[in-house]
Amino acid sequence: MISNMLNSYIKAGALTSVMLVIGIVSMHAQVKYEGEQKVNQSEVPPAAIDWLCSGFDNMKRLKWYEQFSTGQRSYEAKFKMEGYRYSVAFDTTGNILDIEILLKRAEMEQDALQAIGQHLDANYDRWRLRKIQLQYTGTQPAWDEFLNNKYSDALQVKYEIEYYGKKDDSRLLWEGWFDKTGEFISKRQITTKSADNLNY
Amino acid sequence: MLARRIGYTLLIGCFHFILNGQSRPITLGAIPEITGSHKLTSNWSVTGKIESRHAAFAQQSNGDATGYSYVRTDVQLLGGYRINPFLGAAIGYQSILHADGPMAHRATQQLSVVLPYPGYRFAHRFRTDQTWQQDDTPRFRLRYRFSLELPLQGLEVDPNEWYVVFSDEPVLDYQRSLFFENRIGTIVGYVFTSGNKLETGLDYRLERIGTAVFGHEVWFKLNWFTSW
């Protein structure tokens, strides 16, 4: 009986050791780090907080995130206001970079939506929109005007669209940028994160 | 704050077990696992899994109890096909090496859907499997698992971040007669790199629900996921 117990412990120990060795060797692979992490407001540049509070009233569920992307860092404020989800990005010194607002299909300019649909029809066999964001970018004078009037004609307007596109054997997720009339600007492929723990 | 969230998750796992009383057969143990996946092409992948089951304590309904026993080791190989970014199919073969008794052979087929949203991912997995063992009746199972993955440090789970997964899996099991089983999982995970994550937590199983041999199994799981 003692030798059976010893055999069992040896089997368990051997399996655990193999797991640990494979894990440690795998961990040393070099990978590009891109992502975001929730941060406390105290970690955000004060200039960004001041700008946000001056630009927006009645923010609800405000959360701050630090974004990392190929050596670049930025801060993003996410909140809800008047039924819309906002993301406002700032650089590390607190200067505003852009404002993004999550939209439903029905809330888009329909002419722009039609132009985007025509572009996707021309480039894919099948497609489906997953997320639509209205994006504002601009120069410092345009942002100053926005702060004073809560609006500025000088801000550039774009649509950031996340969509699924099937072309021949390719079935991929894309992030596309279109101007305010729905004219295509650029796109990049979205890499989905590993889901082995959910699949197997 | 983070430690508190992890603690609450594991406590929820224990809570399911405590609710159901102690008068039924019960097994407590551990299942260490390693799962390795390799992408062959943009759509095809192969996944291998080794898991070993160790019972630390087992009590029968008549009160007879045993201490540690090695139960079995499973070696599984699956071929996966990605139908689109959210939907995948897989088929596979599993060898079940029992501590006592002949080896069993299992064929597996599954469809899984993983849907990402800001702040969470949820997954549906539909699985059927068929098991054959010498001198025993074949066993057929139909399984559905719902999983909810929540990042603990951002809107998505990135390297060097923690997450939790809650899952529930009802299982319809037929071997000479029909049985029903339910498995509840509460898992805490950590992503070391985009290809390596470690999960640990509790897998609470209600076996053969509604029968005279209805019992509980509580398995402490430790799973290393690696992909390249």
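First the proteins, then the strands, lettered A, B, ... as listed; each starts at 1.
Within a 6.0 Å sphere centred on CG of B:D100, heavy atoms belonging to other residues, nucleotides or ligands number 12 at most. By the 6.0 Å contact criterion, CD on B:E169 is enclosed, its count of non-hydrogen atoms from other residues, nucleotides or ligands being greater than 12. Within a 6.0 Å sphere centred on CZ of A:R85, heavy atoms belonging to other residues, nucleotides or ligands number 12 at most.
At a 4.5 Å heavy-atom cutoff, the contact between B:V157 and chain A is made by backbone atoms alone. No part of B:S42 comes within reach of chain A, as not one of its non-hydrogen atoms sits under 4.5 angstrom from that chain. A:K78 touches chain B through its side chain: at least one heavy atom from C-beta onward sits under 4.5 Å away, while N, CA, C and O do not. Interface remark: B:F146 contributes no atoms to any contact with chain A (heavy atom separation under 4.5 Å). Interface remark: B:E156 contributes backbone and side-chain atoms alike to the contact with chain A (heavy atom separation under 4.5 Å). Proximity to chain A (any heavy atom under 4.5 Å) is restricted, for B:Y117, to the side chain, taken from C-beta onward. For chain A, no part of B:Q76 is nearby; none of its heavy atoms comes within less than 4.5 Å. The contact between A:S194 and chain B is made by backbone and side chain atoms together, counting heavy-atom distances below 4.5 Å. With a threshold of 4.5 angstrom between heavy atoms, B:A30 does not approach chain A through any atom at all.
Aromatic ring orientation, A:W51 versus A:W143: perpendicular (interplanar angle above 60°, classes split at 30° and 60°). Under the 30°/60° scheme for interplanar angles, the aromatic rings of B:H124 and B:F126 are found to lie parallel.
Counting heavy-atom pairs closer than 4.5 Å to chain A, the top-ranked of the candidates B:K49, B:R145, B:E199 is B:R145. Taking chain A as the reference chain and counting heavy-atom pairs below 4.5 Å, the highest number among B:N43, B:T47, B:T35 is found for B:T47. Of the listed residues (A:Y65, A:Y164, A:Y200), the greatest number of heavy-atom pairs within a distance under 4.5 Å of chain B belongs to A:Y200. With respect to chain A, the highest number of heavy-atom pairs below 4.5 Å among B:Q110, B:R127, B:R121 belongs to B:R121. For the options B:V191, B:T108, B:N84, B:V113, heavy-atom pairs under 4.5 Å to chain A are most numerous at B:N84. Considering only heavy-atom pairs separated by less than 4.5 Å from chain B, the leading option among A:K63, A:K166, A:R171 is A:R171. When each of A:N197, A:L173, A:L198, A:D169 is checked for heavy-atom pairs under 4.5 Å with chain B, A:N197 comes out on top.
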Trace of the side-chain hydrogen bond (donor to acceptor under 3.5 Å, both in side chains) decision for B:H38 with B:W228: CA-CA 5 Å; B:H38 176 55; B:W228 64 99; 3.2 Å; yes
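Two residues are said to be in side-chain contact when any heavy atoms from C-beta on lie closer than 4.5 Å; B:F122 and B:F166 fail this criterion.
At least one test fails for B:R82 against the ring of B:W44: distance under 6.0 Å to the centre or angle within 45° of the axis.
Taking 4.0 Å as the cut-off between side-chain N and carboxylate O, B:K197 and A:D196 do not count as a salt-bridged pair.
If you check the side chains of A:W174 and A:Q189, you find no donor sitting under 3.5 Å from an acceptor.
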